[in-house]
Amino acid sequence: MNASPTPTPTPTVTPRIGSRRWPDSQGDARIPAWVYSDPAIFKREMEVFYNGPTWNFVGLECEIPAAGNYKRSWVGTRSVIMVRDEDGSVNVVENRCAHRGSSLCWTDKGTVSSFTCPYHHWNYDLKGNLQGLPFLRGAMGKGGMPRDFNKSEHGLHKLRVTVHNGIVWATYGEDTPDLETYLGDEILAVLNRATGRAPLRLLGYNRQLLPCNWKLYTENSRDPYHATLLHSFFVTFGLLRTDTAFKAIPTLGGRHGIMASTYSAATASTHNEVTKELASLKSDLALEDMQVVRPVDEFGDSSMINFSVLPSVFFQQHGNSLAIRHVIPKTESSTELSWTHYGFADDDEVMHNRRLKQANLMGPSGYVAIDDSEILAQLQPITASAPEAVQVVEMGGRDFTPQETMVTETLIRNFYRYYREQMGL
């Protein structure tokens, strides 16, 4: 039998969105400003990164300890409900009635025995299955649903769910790999460090609406270069310094990123040739309670490790302040940032109070985070006004390797390398 002829390979054609093309010069070391303001790009991002084969942070298991406890959350622009089932499991369903699309839950948290749509009173169990609806068979012999209407086919949209160390993740993708594979070994290791010691304890929330594109905040959270230039509190009190050991580690081709710094109380107030260059160093700045900026080494490695998990979450360790920043895109020019502060169930009162004090570094009016909010608010309208402009991200070179310096933009370059692959740009 004669062998079949080898088929001619089909040429690979990179898809484009409208007329948009990424700058050819320097590739991923350049960012076109239109990625921050183009509605078509934003719509495609929601499909690719939030509604596709990705794992999204939804909440903490300790937020819903009892059956019927729920929390309203978001996956991209879609509202979802995280709820504790009667069997103890955690379900995540869309906050959208299967009938006419009304929201079921209008409050962020609560307790229910079932979900009832306020519009037409369709009722769902805690798994999202349709249990009943008014006038199924009509009234006075008239109206009602067709005889072949099947309630089992009209439940709420259910997301796949996994829980790891008390953190609830959900995905729309049927083909999304398991969470461990999606995170990769390096992120899994730092995630276990940040959340694996004991059951988590909820400390509180901050929320703010940032008038900027979600990627501007994603860049900011992967940008160590700005940290000691913009944030006076970091450098003045030695929480983060350019002259200490630091690692910027992109993972899985830029999907995720790790920033690991070293804190030492002995060097926190040292002045040298590096600190002399920092206009953000305020030698006369003082606090009434220095415990806000005097962390203890609770993990035994003298490290502060912050890391991003695409698409929606940034895990923060600033001193003993532990928080999960949930990045929630609203429009191409608006992003909600939801902070969930946590500790561990076995924290003593001293550590609990220390975490609460140091949480003042972050949040909408935090000593540190307020700087980012102001910069990003100013940046968005400028990028929108000049969509054909090009941003430069060459600090630390043009390559994609891990680097042991804060003076680098390698994590941003890696993010956009991955972003372009997924978006076809």
Side-chain angles (χ1 to χ4, degrees), residues 39-40 42-59 61 63-163 168-176 311-312 326 328-331 336 338:
F42 179 80
K43 181 179 178 181
R44 176 63 176 157
E45 290 168 348
M46 295 305 100
E47 296 171 357
V48 171
F49 295 112
Y50 286 88
N51 306 331
T54 61
W55 284 105
N56 293 266
F57 168 79
V58 176
E61 197 175 18
E63 295 177 270
I64 49 170
N69 291 166
Y70 73 84
K71 176 190 175 182
R72 184 174 61 175
S73 188
W74 297 85
V75 174
T77 55
R78 297 185 184 182
S79 178
V80 298
I81 305 167
M82 175 180 72
V83 60
R84 178 75 67 175
D85 205 343
E86 294 174 351
D87 61 7
S89 62
V90 176
N91 302 320
V92 176
V93 296
E94 273 197 354
N95 187 19
R96 179 178 60 84
C97 181
H99 176 215
R100 300 271 291 279
S102 175
S103 295
L104 298 168
C105 294
W106 292 11
T107 58
D108 286 333
K109 300 182 80 171
T111 302
V112 295
S113 58
S114 61
F115 294 107
T116 300
C117 176
Y119 198 2
H120 298 96
H121 294 195
W122 284 34
N123 178 264
Y124 305 87
D125 65 18
L126 300 181
K127 288 182 169 62
N129 301 312
L130 179 62
Q131 297 188 123
L133 58 144
F135 305 122
L136 175 66
R137 295 298 172 226
M140 307 293 291
K142 299 178 181 179
M145 301 298 284
R147 288 290 174 178
D148 62 354
F149 178 81
N150 187 344
K151 288 187 290 186
S152 67
E153 297 175 354
H154 296 276
L156 303 177
H157 190 111
K158 303 171 185 177
L159 283 69
R160 285 176 55 200
V161 178
T162 190
V163 180
V168 180
W169 305 79
T171 180
Y172 276 97
E174 295 182 0
D175 300 325
T176 309
S312 66
H326 188 188
I328 307 168
K330 294 299 183 183
T331 69
E336 181 180 336
S338 178

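Heavy-atom basis, side chains included; hydrogens, waters and symmetry copies ignored. Just so it is clear, the model here is predicted, and its values are computed rather than measured.
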For a quick test of reading the model, state the closest non-hydrogen atom pair linking L130 to L133 and the distance between them. CD2-CD2, 4.2 Å
Is N123 reaching over with its side chain to a backbone N or O of Q131, donor-acceptor style, under 3.5 angstrom? no
Heavy-atom side-chain proximity of N150 to M145 below 4.5 angstrom: no
If a pair satisfies salt bridge (charged side-chain N to carboxylate O under 4.0 Å, His left out) and one of its residues is in residues 73-92, list it, with sequence neighbours excluded. E61-R84, R78-E94, D85-K127, D87-K127
Check V75 against Y50 and note the closest heavy-atom contact, atom names and distance. CG1-O, 3.5 Å
K109 NZ: over 12 foreign heavy atoms closer than 6.0 Å: yes
Is the Lys NZ or Arg CZ of K330 less than 6.0 Å from the centre of W74's six-membered ring, within 45° of the axis? yes
What closest approach, in Å, do S73 and V58 show between heavy atoms, and which atom pair accounts for it? OG-O, 2.9 Å
Can you tell me if T107 and Y70 form a side-chain donor-acceptor pair at under 3.5 Å? yes
Crowding at CZ, F149 (>12 non-hydrogen neighbours, <6.0 Å): yes
For the residue pair S114 / D125, report whether a side-chain donor-acceptor contact shorter than 3.5 Å exists. no
For residues 134-148, which residue pairs qualify under side-chain hydrogen bond (donor to acceptor under 3.5 Å, both in side chains), counting only residues two or more places apart or in two chains? none
